[in-house]
Amino acid sequence: MDIKYDLKPKSQRRTEPFKPDKTLPFGSLRTDHMFIMDYADGEWKNPRIVPYGTIDIAPGATVLHYGQAIFEGAKAFKHEDKEIYTFRLDMNAKRMNKSAEILCIPKIPEDIQMEAVHALIDVDRLWFPEQEGASLYIRPFIFATQDSLGLHVSATYKFMVIISPSGPYYPKGFTKPIKLLITKKFHRAAPGGTGNAKAAGNYAASLQAGEFAAKFGASQVLYLDVTNTYIEEAGTMNHYHILRGGTVIIPEFTDTILKSITSQSIIEIAGKIGVKAKQERVRLDNFIEGIKSGEIIEAGGLGTAAVISPVGEYVFEDGNSINVNNNEVGKYSKKIYDYYTGIQTGKIEAPKGWLQKVEKRV
Ligand code: PLP
Ligand code: COI
């Protein structure tokens, strides 16, 4: 792809490696540049890297009224060789196109999406946060820009990539398990809907549940299916639990569950970590029973931003709650976390194709 570079003058760009002295927040910081490409007249065109800043958008743009927008979340890591590597970005690009299909957005070839991300990281490579546990969070997104109030598929779009030097999603990192609220009041997705797309609207729709969970001191809601029978997701993460003996169970992917790259990765490398992993429909009543009987010894959430976040307590709307593993991080969750982040950071050999070096282009 022929990317046009319209970069900030050198005097206004970061010139030294970024060595933050405080733990970085998740997702708040920006870098010097962003990537943009337009869709019009039936084709993606005009790929460019420009200074990070505001963009022009018509007040009548479809995205502002009807939410035709999708996004991805990926990460890049710096290894001991001082090079930056993106982690399983091809999977994100593939999922972006799956979301595009669901939201009637024109697809972008995976290699083009990946090149856009790599080119942007290359330009802003000095922004990599050199701090234990930090990474470059990558946010590609596509939104509808046609200025039209009629409800129909937009004829024009923008694909953009921004990157954010970030610390852990849950600031206490891996040391303190989170709490989830079990409720039948809110549902994340309905069959035949957009639950398996990373659609912006899914996240807007989840805010209410998040606020409700906070009233119980919980970070997120444990989402159930619309019949309130099966466990679906842990807020913005897939859910997992671990059986005595070390079998990881992740709810089977359906059209109401986002197909997590973290989940798929852990299933792929389970053997190497020394655990078993499988997917099945997980009944809520069996899950609660399993915790009470001691058959389920650990549980938590899986996702790019939050990596592996153990859950130590499930609270019900009546105020009752149930603890898992005495509200402490369990040994299997720790083992999985260490192995997974070991691969990401280059300390443990990665399966072929999982990491891609950000080559120098400019
Ligand atoms: N489920 C939802 C609803 C999410 O938003 C995410 C985050 O991306 C995940 C699961 C985890 O997916 P991944 O591991 O690909 O980040
Ligand atoms: C991610 O895990 O990457 C996500 O996109 C979730 C987001 C709400 C931070």
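One is the number of the first residue; the rest follow in order along the sequence. Just follow the structure's listing: the first ligand is 1, and inside any ligand the first atom is 1.
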Among all protein heavy atoms, pick out the one at the shortest distance from [atom]; state its residue, atom name and that distance to 0.1 Å.
atom                   : answer
atom 2 (O) of ligand 2 : A305 N, 3.0 Å
atom 9 (C) of ligand 2 : Y169 CE1, 3.7 Å
atom 3 (O) of ligand 2 : Y137 OH, 2.7 Å
atom 8 (C) of ligand 2 : T236 CG2, 3.8 Å
atom 7 (C) of ligand 2 : R139 NH2, 4.0 Å
atom 9 (C) of ligand 1 : T236 O, 3.3 Å
atom 5 (O) of ligand 2 : K198 NZ, 2.8 Å

Does the separation of the ring centres of [X] and [Y] fall below 6.0 angstrom?
X    : Y    : result
F141 : Y157 : no
F26  : Y169 : yes
F287 : Y314 : yes
F186 : F212 : yes
H187 : Y223 : no

Evaluation steps, side chain to side chain donor-acceptor pair (under 3.5 Å), between E233 and N238: CA-CA 5 Å; E233 297 220 54; N238 276 178; 2.9 Å; yes
Main-chain N/O of E295 paired with S293 side-chain donor or acceptor, under 3.5 Å: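 Judged by distance alone, yes, a pair lies under 3.5 Å.
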Side-chain (E280) to main-chain (I249) donor-acceptor, under 3.5 angstrom: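 Side chain of E280 to backbone of I249, a donor-acceptor pair under 3.5 Å: no, none is there.
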State the atoms of ligand 1, each with its element, that fall below the 4.0 Å cut-off from a heavy-atom position in [X].
X    : result
R95  : 12 (O), 13 (P), 15 (O)
L302 : 11 (C)
S260 : 11 (C), 12 (O), 13 (P), 14 (O), 15 (O)
R188 : 3 (C)
G303 : 11 (C), 14 (O), 16 (O)
T304 : 13 (P), 14 (O), 15 (O), 16 (O)

Proximity flag K198 to ligand 1, non-hydrogen atoms under 4.0 Å: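 Heavy atoms of K198 do come under 4.0 Å of ligand 1.
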Close approach of M91 to ligand 1, heavy atoms, under 4.0 angstrom: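 No heavy atom of M91 comes that close to ligand 1.
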Ligand-residue contact atoms, ligand 2 with F71, heavy atoms, under 4.0 Å: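 Once the distances to F71 are compared, the set is 5 (O).
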From K75, E233, E232 - option closest to atom 10 (C) of ligand 1 by heavy atom: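 It is E233 that holds the nearest heavy atom.
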Given F143, Y203, F159, the one that forms ring-ring contact (aromatic ring centres under 6.0 Å, His included) with F71: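 When ring-ring contact (aromatic ring centres under 6.0 Å, His included) is applied between F71 and each of F143, Y203, F159, only Y203 qualifies.
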Exercise: identify the closest heavy-atom pair between L284 and L224: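 So the minimum-distance heavy-atom pair works out to CD2-CD1, 3.9 Å.
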Non-hydrogen atoms of R14 and D32 that approach each other most closely: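 The answer is N-OD2, 2.9 Å.
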Verdict with reasoning, R30 to Y52, per side chain to side chain donor-acceptor pair (under 3.5 Å): CA-CA 8 Å; R30 299 288 172 264; Y52 182 87; 3.1 Å; yes
For [X], is at least one N or O under 3.5 Å away from an N or O on ligand 1?
X    : result
A305 : no
Y203 : yes
T262 : yes

